[in-house]
Amino acid sequence: MKRKSGQDPEITKSWKPATLAVRGGTARSEYGETSEALFLTSGYCYDRAEDAAARFAGEQVGMTYSRLQNPTVEMLEQRIALLEGAEACRATATGMAAMTAALLCQLSAGDHVVAAKAAFGSCRWLVDTLLPKFGIETTTIDGRDNAAWEAALRPNTKVFFFETPANPTMDVVDIAAVCVIAKAHGVTTVVDNAFASPALQRPMAFGADVVAYSATKMMDGQGRVLAGAICGTREWIDGVLLPFHRNTGPTLSAFNAWVVLKGLETLDLRIRRQSDNALKVARFLETRLPKVLYPGLESHPQHGLAMQQMEAAGPIFSLYVGGGRAEAHGLLNALQLVDISNNIGDSRSLMTHPASTTHYGMAEEARLEVGITEDMLRLNVGLEDPDDVIADFDQALRAIGR
Ligand SMILES: *Cc1c(COP(=O)(O)O)cnc(C)c1O
């Protein structure tokens, strides 16, 4: 029985991403199960009191408590690290737990963070509200402008934080250029890679230090569980993140880790098919709407850069219907197949109105500054036949008189 080949670096080093997605990180129990085992346990027992003492002292390998270690969660962490090309990974309960931990574990009062303005609503809240509350200064900039990153540097700048493509404006950040600036000034870059997933974009290959995920999105991919992950060097994960993670406890449940392990097996297939479908739907919508922002379209202002960093443009894009909220809500309400839902990365096509949902908490001025207007909608294209999705848009656009 190949018991732990997925955890043996000598064996996994030659495996390609599709193989890693199915087998990376797998460790079999004494029963030799083919699918990963689900260890729903909060604690662990010891043969002797001395063994318990030795494990707590770090002198004996083994698990002590599921906030700290769990075999199912460890399989997921190893699989994500292998897919990312990272030395180590720590899983979290949600994507926001990952973002919060990745920032707070390394920041102290008096430090400074530079972040891209175009970001997921809760990520903006971390930067605009949470960090300043603890005496951490923050500056938000246009992440597309490499010179703006350099100009925002201060002697106490510790972290650059951005996502690319950004939610929901589809701004693309030049990962390599921004990482060069960061490295030259001893700044740690934290990249939120939820939109692309490691199947389409590996920020560490462009110089990023830390990559954080909402695994709720493409990694689960079927809209079932919330999960997150943080990847970095072994030294950073063990030395900087782990003390914060172990003691504050944003730990992922074993059940959710198991669901995401199953999701990763098909990540590559799903994201490539969804990217193809998204491109077809975007090309159709471009003929019927004033503006479609999808990095996979030649009309996207950063199409070239996006295609240098990404293997495909992913399932998500934004569209502008013209007019205001009434027109945007009208199109949403007229759809018969595409659901009104604010989730993304699902195998179903889902659409939302960011200004009144995901970015409702952001000040109107800040929304408009990054292009989240009242007529903007964000679409996640699923695994349905793209012709059916196009037909649904066609009938909905006719229904609202377009
Ligand atoms: C969804 C999302 C998050 C938050 O993830 P949760 O799993 O919902 O906590 C963070 N960043 C981006 C870009 C996202 O799309």
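Ligands are counted one by one from 1 in listed order, and the atoms in each one are counted from 1 as well.
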Identity and distance of the protein heavy atom lying nearest atom 1 (C) of ligand 1
K217 NZ, 1.3 Å
Can we say D209 and K183 salt-bridge, meaning some charged N sits less than 4.0 Å from an Asp/Glu carboxylate O?
yes
What do you reckon, are the aromatic ring centroids of W258 and F39 less than 6.0 Å apart?
no
Between F120 and ligand 1, is there a nitrogen or oxygen pair with a distance under 3.5 Å?
no
What atoms of ligand 1 come within less than 4.0 Å of a heavy atom belonging to E163?
13 (C)
Look at K117 together with E369 and state whether they make a salt bridge at an N to O cut-off of under 4.0 Å.
yes
Check E36 with R28, please: is the shortest side-chain N to carboxylate O separation under 4.0 Å?
no
Contact atoms of ligand 1, heavy-atom distance to I344 under 4.0 Å:
15 (O)
If you have a sec, work out which protein heavy atom is nearest atom 7 (O) of ligand 1 and how many Å separate them, to one decimal?
T216 OG1, 2.6 Å
Given the ring of F120, does K217 sit roughly above its face, with NZ or CZ under 6.0 Å from the centre of the six-membered ring and within 45° of the axis?
yes
Approximate separation, where rounding is to 0.5 Å, of F317 CZ and L377 CG:
10.5 Å
With distance as the sole test, does N342 use its side chain to make a donor-acceptor pair with the main-chain N or O of T352 at under 3.5 Å?
no
N167 heavy atoms, cut-off 4.0 Å: which ligand 1 atoms fall inside?
15 (O)
In this structure, atom 9 (O) of ligand 1 is nearest to the protein heavy atom M96 N, 2.8 Å
Which atoms of ligand 1 are found less than 4.0 Å from any heavy atom of G95?
5 (O), 6 (P), 7 (O), 9 (O)
Spacing of Q7 atom CD and M75 atom CE [to the nearest 0.5 Å]:
7.5 Å
Backbone, side chain, both or neither: what part of L226 comes under 4.0 angstrom of ligand 1, heavy atoms only?
neither
Can you list the ligand 1 atoms lying under 4.0 Å from a non-hydrogen atom of T94?
7 (O), 9 (O)
Got the closest protein heavy atom to atom 12 (C) of ligand 1, with its distance?
D192 OD2, 3.4 Å
